[in-house]
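Each chain gets a letter, A, B and so on, in the order its sequence line appears, and its residues count up from 1. Just so you know, these numbers use all the heavy atoms, side chains as well, and skip hydrogens, waters and symmetry mates.
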There are 2 protein chains.
Amino acid sequence: MIRLSRKADYGLVALKALGGLPEGDSLSARELAERFHLPQDLTPKVMAKLVTAGMVEASMGKMGGYRLARDPADITVAEVVRILDGEQHIAPCQQGDLMGECSRLEGCEIKSPLDTLNAAVMNVLETMTLAQL
Amino acid sequence: MIRLSRKADYGLVALKALGGLPEGDSLSARELAERFHLPQDLTPKVMAKLVTAGMVEASMGKMGGYRLARDPADITVAEVVRILDGEQHIAPCQQGDLMGECSRLEGCEIKSPLDTLNAAVMNVLETMTLAQL
DNA sequence: TCAAGTCCGACCATCCAAGTCGCAGATTAG
DNA sequence: CTAATCTGCGACTTGGATGGTCGGACTTGA
């Protein structure tokens, strides 16, 4: 099943905060953690992933901090989840290159319904943007 | 965020299998595990939870096994998730009895959007029944 | 220049779910 | 009655996620 971890929560909270900032302003990891009760030492790590993904820009030095690099209306929840929780392998059967063999196993026939469920959940996450939160 | 564990997967697969059974038939934990590649020793535990929840009936002894106790069209995915993954505390702020104080914290104001997201996901799970899988 | 404040990366500790093992209780086949 | 087979229940091990610590690099302001 799709795995939605806590890091996704932190990331969404932080992104939402950055999205509500005036143009040019930025927030440091410490400020984000204090204001929104995120784990002090985990916040920089979450932000770092968002930076390397190109969703957030970071400026170093005193007066440094993070600011959103893209339009909040263009950022989907699914994208954030993918960045922070890793790629969601919806069909674990397809590990390796033996897809043909896999499809004949009895187990996979009953697992396809789970894919339907996953698709439905992912559809919600794909549809919802940061601006809509 | 909502936590969807692997046990929910196993439970749904097993329930789906039981739902497709002729009236009066049953499947043992070993059979379920072998046919659908579920962990051998974990399957009885998952089923036990479903039994105590009244969703599945178990008969002991030789020739024993599990059979569905309710109509598949009346079992929602959300209910299965609640049974196997525990109650989803959508608002972790409400721990303790100081709800009034909590609502004044700055962090909770930004967390309410996450509730919207949770509600959207839960809505999908509430809507989808076992029969629809 | 210097000091303060920030991001960045690697490493270690802790916690919890996943999975395993073993034994007791219950029921049926022979 | 006996043996086989199943569920039921607890304790144990393990692996991944979570959270914390430390040192290094960079930028700003005095």
ask   = For A:E31, does its backbone N or O pair with a side-chain atom of A:E34 as donor and acceptor, under 3.5 Å?
value = no

Distance test, side-chain N/O of [X] to OP1/OP2 of [N], below 4.0 Å:
X     : N      : result
A:S5  : D:dT18 : yes
B:Y10 : C:dA18 : no
A:K7  : D:dA17 : no

Nearest whole Å is fine: how far is [N] [atom2] from [X] [atom1]?
X     : N      : atom1 : atom2 : answer
B:R30 : D:dT7  : CZ    : C1'   : 13 Å
B:L42 : D:dG10 : CG    : P     : 16 Å
B:M47 : D:dC9  : CE    : P     : 14 Å
B:R6  : D:dA17 : CZ    : C1'   : 13 Å
B:K49 : C:dG19 : NZ    : P     : 13 Å
A:L32 : C:dG5  : CG    : P     : 18 Å
B:Q40 : C:dG22 : CD    : P     : 15 Å

Listing, residues 59-66 of chain A side-chain donor-acceptor contacts under 3.5 Å, not counting sequence neighbours, or none:
unit_1, atom_1, unit_2, atom_2, d
A:S59, OG, A:G65, N, 3.4
A:S59, OG, A:G65, O, 3.3

ask   = Can you find a donor-acceptor pair, distance only, under 3.5 Å between B:K45 side chain and D:dG10 base?
value = yes

message = Between B:E57 and B:R70, does any NZ, NE, NH1 or NH2 come within less than 4.0 Å of an OD or OE carboxylate oxygen?
response = no

request  = Check DNA chain D against residues 57-67 of chain B and give the residues with a non-hydrogen atom under 4.0 Å, in numerical order.
outcome  = B:A58, B:S59, B:M60, B:G61, B:K62, B:G65, B:Y66

What is the distance from atom [atom1] of [X] to atom [atom2] of [Y], rounded to the nearest 0.5 Å?
X      : Y     : atom1 : atom2 : answer
A:L68  : A:L21 : CG    : CG    : 9.0 Å
B:T43  : B:L32 : OG1   : CG    : 7.0 Å
B:L117 : A:L12 : CG    : CG    : 7.0 Å

ask   = What's the verdict on side chain to side chain contact (heavy atoms under 4.5 Å, CB included) for A:K7 and A:K49, showing C-alpha distance, side-chain angles and the deciding distance?
value = CA-CA 11 Å; A:K7 279 186 264 190; A:K49 282 194 177 182; 4.1 Å; yes

query = For A:D41 and B:T52, take the nucleotide of DNA chain D holding the closest heavy atom to each; which residue's nucleotide lies nearer the 5' end?
reply = B:T52

key: Nucleotide nearest A:A29 (side chain, heavy atoms from C-beta), chosen from D:dT18, C:dC7, C:dC8   = C:dC7

